Number of protein chains: 2
Amino acid sequence: MSKLPSLKNLSYLLALHQHQNFNRAAQACNVSQSTLSSGIQNLEEQLGCQLIERDHKSFLFTGMGEEVVEQARRILTSTEELLYFAQSQGKIMEGPLRLGCIPTIAPFLVGPLTKQLQVDHPKLQLNIREDTTDNLLHLLRNGELDVLVLALPVDLQGNQSYVLGRDPFKLVMHQSMADNLHEPVQYNQLPDNSIFLLEKEHCLTGHAVAACELADSTKINPFTATSLHSLVQMADARLGATFIPQMAIDRGILNGTDLVALQPTGQQASREIGLVYRPTTNRRQTFRRLAEFIAQLLPEPLLK
Amino acid sequence: MSKLPSLKNLSYLLALHQHQNFNRAAQACNVSQSTLSSGIQNLEEQLGCQLIERDHKSFLFTGMGEEVVEQARRILTSTEELLYFAQSQGKIMEGPLRLGCIPTIAPFLVGPLTKQLQVDHPKLQLNIREDTTDNLLHLLRNGELDVLVLALPVDLQGNQSYVLGRDPFKLVMHQSMADNLHEPVQYNQLPDNSIFLLEKEHCLTGHAVAACELADSTKINPFTATSLHSLVQMADARLGATFIPQMAIDRGILNGTDLVALQPTGQQASREIGLVYRPTTNRRQTFRRLAEFIAQLLPEPLLK
DNA sequence: AACCTTAATTAGTATTTCCGATTATAGTAA
DNA sequence: TTACTATAATCGGAAATACTAATTAAGGTT
């Protein structure tokens, strides 16, 4: 069996990939340029393949180089996790925790969550990143995030999850439009093109359409919004109706508007919120505890 | 950030865990006992915690030590995979492949599979281990196996899978017992205690009972067998009936007996066969290809 | 009591890693 | 053209590390 590549050299490769420049990468690693350079060469020799194509002045990662970077990132992440886990003696709810959250949850969760955690677990350093489901799953996979808060169902791509609770959808529209409607609202009472949704990148769109049984797409306005706050503004301007999760309403997203929230059609007109983590994690206990915290902040907690 | 533990020291720890003896572990690593000893101490210092409890004469892994071993195993496995992946230039269907298979599939799959692979992919070194679903999943998780052939559904514990096909169950009994039965066989026509099954460790038992809608447990004989071949022997001795998968019948498990295979009750009286692998693998292409090979050998292939 | 086995320790050696300086190459500005 | 800048590779020596053999210490066995 040939010798394993060293973690140090793998980290050099990652830095080089990130900075795309030997000097800056070396600086980031606190080593000299020559050290990093020979580290990479060493790695190429051990792996028996070319990782970067050089042309005296510059370089480019090969396909294999990119692949190796991906895997090296996972290996280094696991090792860092092991180090942290051991150093903290397996204590839960301590140290840095990088949490990813989708944009239709984050603004309504982050505030109360951080406040609560600061009181109960001051040693936990919560670091939050807001992005789409797909991007977050990628970052989780690569070890750039530790745990995600997503709306389910979603293809977990081999990750594991705790179900935290449900978040009902409400059909939100201007007071003046709601006068002659009965709950749950039948969509055929609404004019065509009168329902506004988020861009398709947001999983909320699909979840809302499915959960609220909005099969009739002629009701959906092709113009999409980029945030719940935009949707609220559009509805308040009497452009039409929209779906807003209860969570956002509880946090006062409708305050100062003339909007009303009505019950939409749908057996279970709600989305499920889950906490997602790598199956190889060593921080399950922390995640479990975190899950309980977050569940408490949901309209319909299912945990604990 | 403190320094990462070296892979070398982690491998020393693994060896020590495996051999439970410094000298033998050192030998296995091709280093001296003192090297290994100080390597472990080094590791403990870096991780800032005790991994083994020593009492001048012997030692014992601490709880944390066991945890670290588990994770170290994963890290080393990933790194070895990276090394192999790079060295083989990402070529598929080459090199060693450690496949785990459950006992109710292995005897009927391994023969034709290895024969076929030797012809089409002679550079693939197939290494097969037969064990129960639970044990195989554990070995997969720990990197001691690369890929599993299991009967589904089963809790994949975060692993991923390809569905390969279906394998129908047949109700097998002695000719003389089958005379006045109609297919699909109604179980109430059978005497009590007349159906023999495998030990509960075998997932086939549960799958067969569910798929063939055998709710009436008074029909099940409490005496269990340890292999399909035993079941066949018992049925041939007119002790009763049993469920045998089509795959085994196709491979001639009933040859030389006076048994007949009847269609049991059940909408879809069959089990699903799947190929299971770690979500972090870098050999998806190989597994995909292997999946196609195995699917061809199933009674009802679903792949390709 | 003598001997064996165990893991830790020590001191010296070998190896590896790293740095600083230099080189080679290409692009850019005067 | 001629400097000047920026890039990555190379080289020689210094520092750090890893390794070994021999020894020690302690418990168990004969």
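All of these numbers come straight from a predicted model, not from anything done at the bench. Per chain, numbering begins at 1; letters A, B, ... match sequence-line order. Note: hydrogens, waters and symmetry copies are ignored here, and every other heavy atom, side chains too, is used.
Put simply, CD on A/Gln46 is 11 Å from P on C/dT16, counting in whole angstrom units. As a whole-Å value, the separation of A/Phe59 CZ from C/dA26 C1' is 16 Å. One atom, CG of A/Leu51, and another, C1' of D/dA9, lie 16 Å apart when rounded to the nearest Å. Between the C1' atom of C/dT17 and the NZ atom of A/Lys3 lies a distance of 11 Å, rounded to the nearest Å. Here the P atom of nucleotide C/dA8 and the CG atom of B/Leu43 are 13 Å apart, to the nearest Å.
Looking at residues two or more places apart in sequence or on another chain, you find a salt bridge (charged side-chain N to carboxylate O under 4.0 Å, His left out) between A/Glu94 and A/Lys123. Judged as a salt bridge (charged side-chain N to carboxylate O under 4.0 Å, His left out), and not counting sequence neighbours, A/Arg284 has no contacts. By the salt bridge (charged side-chain N to carboxylate O under 4.0 Å, His left out) test, B/Arg74 is found to be paired with no residue, residues two or more places apart in sequence or in another chain being considered. Residues that satisfy the side chain to side chain donor-acceptor pair (under 3.5 Å) test with A/Gln46, not counting sequence neighbours, are absent from this structure. Under the salt bridge (charged side-chain N to carboxylate O under 4.0 Å, His left out) criterion, A/Arg73 pairs with A/Glu144, not counting sequence neighbours. Residues that satisfy the ring-ring contact (aromatic ring centres under 6.0 Å, His included) test with A/Tyr162, not counting sequence neighbours, are A/Tyr277.
Evaluation of the ring pair (Phe, Tyr, Trp, His ring centres under 6.0 Å) test over residues 80-106 of chain A, restricted to residues two or more places apart or in two chains, returns none. For residues 120-147 of chain B, every residue pair satisfying the ring pair (Phe, Tyr, Trp, His ring centres under 6.0 Å) rule, not counting sequence neighbours, is listed here: B/His121-B/Phe293.
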Considering only distance and modelled atom types, tabulate donor-acceptor pairs under 3.5 Å from the side chains of residues 9-19 of chain B, sequence neighbours left out.
unit_1  : atom_1 : unit_2  : atom_2 : d
B/Ser11 : OG     : B/Lys8  : O      : 2.6
B/His17 : NE2    : B/Glu66 : OE1    : 2.8
B/His19 : ND1    : B/Ala15 : O      : 3.0

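Residues A/Lys3 and A/Glu45 are not paired through a salt bridge, judged by the lack of any N-O separation under 4.0 Å between the basic side chain and the carboxylate.
Distance check, rounded to the nearest 0.5 Å: CG of B/Leu97 to OG1 of B/Thr286 gives 7.5 Å.
Contact check of residues 28-42 of chain A against DNA chain D (heavy atom, cut-off under 4.0 Å) returns A/Gln33, A/Ser34, A/Ser37, A/Gln41. Residues from residues 6-25 of chain A that place a heavy atom under 4.0 Å from any atom of DNA chain D, listed by number: A/Asn21, A/Phe22, A/Asn23.
Recorded end-axis angle for the helix from C/dA1-D/dT30 to C/dA30-D/dT1 stands at 0°, based on five pairs per end and rounded to 10 degrees.
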